[in-house]
Amino acid sequence: ALTQITQLTSDLQEVSVRLRMVTLKPVFQKMSRLVRDLAKKTEKLVKLEVAGDDTKIDRKMVEKVGAPLVHMVRNAVDHGVEGAEARKKSGKPLLGTIKLSAYHEGDNMIVEISDDGRGINREIILEKACSQGLIEEADGVGMLDGDVFQLLFQPGFSTAAAVTDISGRGVGM
């Protein structure tokens with residue numbers, strides 16, 4: 001009897017977990033629309049490539065993943081991918097690419113976002129961090145790249161020259 005109760009409890013728990021799981025497809029579709037709208041607004045040629053939108057995640061986690069992804073996609077379009085002329089000058093295709101992917105790795109679910117834009121400018125980050133009082137200029141000279149890039153995650157930090165309706169509000173990554 002104890003073995004049957006243990007098995008039933010285990011089965012119920014497994015069914016309960018499966019019922020809470022949903023795919024990331026709706027979130028990724030929202031990002032596709034966001035990229036399309038932002039590309040139009042910024043007059044940039046940008047496409048979104050998606051992989052792993054069938055990855056399943058707990059329903060409650062979907063809500064937690066959505067807002068940060070919107071922020072990251074906005075930054076990728078606004079700050080990452082260059083305009084057509086700049087891309088042409090640097091020998092890149094006119095159409096910029098943002099990649100969004102999700103997959104399971106062990107017990108973790110990984111969501112990755114990348115773009116083929118200009119990259120992160122270490123000097124601009126250091127300059128802004130100094131002007132905002134986050135670090136002293138002398139401290140920035142010897143900082144490792146990883147430590148400099150971590151400044152992007154400070155609340156209120158932004159490298160944007162001006163606040164727009166797309167990004168630069170200083171929310172911080």
Does the Asn75 side chain pair with the main chain of His71, one donor and one acceptor, at a distance under 3.5 Å?
yes
Might you confirm whether atom CD of Gln29 has over 12 heavy atoms from other residues, nucleotides or ligands at distances under 6.0 Å?
yes
What one should report as the nearest heavy-atom pair of Gly140 and Ile135 is CA-CD1, 3.9 Å
Thr23 (side chain) donor-acceptor with Thr55 (main chain) under 3.5 angstrom
no
Check whether any side-chain heavy atom of Arg122 sits under 4.5 Å from a side-chain heavy atom of Asp145, and report yes or no.
yes
Heavy-atom closest contact (Val81 atom, Gly96 atom, distance):
CG1-CA, 3.9 Å
If every non-hydrogen atom of Ala129 is compared with every non-hydrogen atom of Leu151, which pair is closest and at what distance?
CB-CD1, 3.7 Å
salt_bridge(Glu82, Lys92) N-O dist < 4.0 Å:
yes
Spacing of CD belonging to Gln4 relative to CG belonging to Asp11, to within rounding of 0.5 Å
11.5 Å
Given the rule that I, L, V, M, F, W and Y join up when any side-chain heavy atoms are under 4.5 Å apart, are Leu152 and Ile124 in one cluster?
no
Where do Val27 and Gly66 come nearest, in terms of heavy atoms and distance?
CG1-CA, 4.5 Å
Ignoring hydrogens and geometry, is there a side-chain-to-backbone donor-acceptor pair from Ser10 to Thr6 under 3.5 Å?
no
What's the separation between atom CG in Leu100 and atom CE in Met31, rounded to the nearest 0.5 Å?
7.5 Å
Gln154 vs Leu134, side-chain contact (heavy atoms from CB on, under 4.5 Å): CA-CA, chis, key distance, verdict
CA-CA 9 Å; Gln154 293 295 315; Leu134 292 174; 4.2 Å; yes
Check whether Val62 and Val50 end up in the same hydrophobic cluster, where Ile, Leu, Val, Met, Phe, Trp and Tyr are linked by side-chain heavy atoms less than 4.5 Å apart.
yes
Could you check whether any side-chain N or O of Lys44 sits under 3.5 Å from a backbone N or O of Asp78, counting only pairs where one atom can act as donor and the other as acceptor?
yes
Got a sec, which residues hit side-chain contact (heavy atoms from CB on, under 4.5 Å) with Glu43, two or more places apart in sequence or on another chain?
none
Between Glu85 and Leu94, is any pair of side-chain heavy atoms under 4.5 Å apart?
no
When clusters are formed by joining ILVMFWY residues with side-chain heavy atoms under 4.5 Å apart, either directly or through shared neighbours, do Val70 and Leu24 land in the same one?
yes
Distance check, rounded to the nearest 0.5 Å: Arg74 atom CZ versus Thr42 atom OG1?
11.0 Å
Is Leu45 reachable from Val77 through a run of I, L, V, M, F, W or Y residues, each pair having side-chain heavy atoms under 4.5 Å apart?
no
Run the side-chain contact (heavy atoms from CB on, under 4.5 Å) test on Glu112 and Tyr103 for me, step by step, so that the C-alpha distance in whole Å, both residues' side-chain angles and the decisive distance to 0.1 Å come before the verdict.
CA-CA 9 Å; Glu112 293 180 341; Tyr103 57 92; 2.8 Å; yes
Rounded distance (nearest 0.5 Å) linking atom CD of Gln150 with atom CG of Leu144
11.5 Å
Given 3.5 Å as the limit, does a donor-acceptor pair link the side chain of Asn121 with the main chain of Glu123, or not?
yes
Looking at side-chain heavy atoms only, is the closest gap between Lys40 and Leu38 below 4.5 Å?
no
Would a single hydrophobic cluster contain both Leu34 and Leu48, if residues Ile, Leu, Val, Met, Phe, Trp and Tyr are joined by side-chain heavy-atom contacts under 4.5 Å?
yes
So which atom in Ala102 and which in Phe28 form the shortest heavy-atom distance, rounded to 0.1 Å?
CB-CZ, 3.8 Å
Evaluation steps, side-chain contact (heavy atoms from CB on, under 4.5 Å), between Ile125 and Glu127
CA-CA 5 Å; Ile125 294 169; Glu127 185 180 305; over 6 Å; no
Residues two or more places apart in sequence or in another chain: which of them pass side-chain contact (heavy atoms from CB on, under 4.5 Å) with Thr97?
Lys47, Glu49, Lys99, Asp116
Shortest non-hydrogen separation from Leu95 to Arg87 and the atoms involved:
O-NH2, 3.5 Å
Please tell me if the side chains of Glu136 and Cys130 come closer than 4.5 Å, counting only heavy atoms from C-beta onward.
no
NE2 on His79 to CZ on Arg118, rounded to 0.5 Å:
9.0 Å
Begin with the C-alpha distance, continue with both residues' side-chain angles, and end with the deciding distance and a verdict on side-chain contact (heavy atoms from CB on, under 4.5 Å) for Val46 and Arg36.
CA-CA 7 Å; Val46 186; Arg36 184 187 64 237; over 6 Å; no
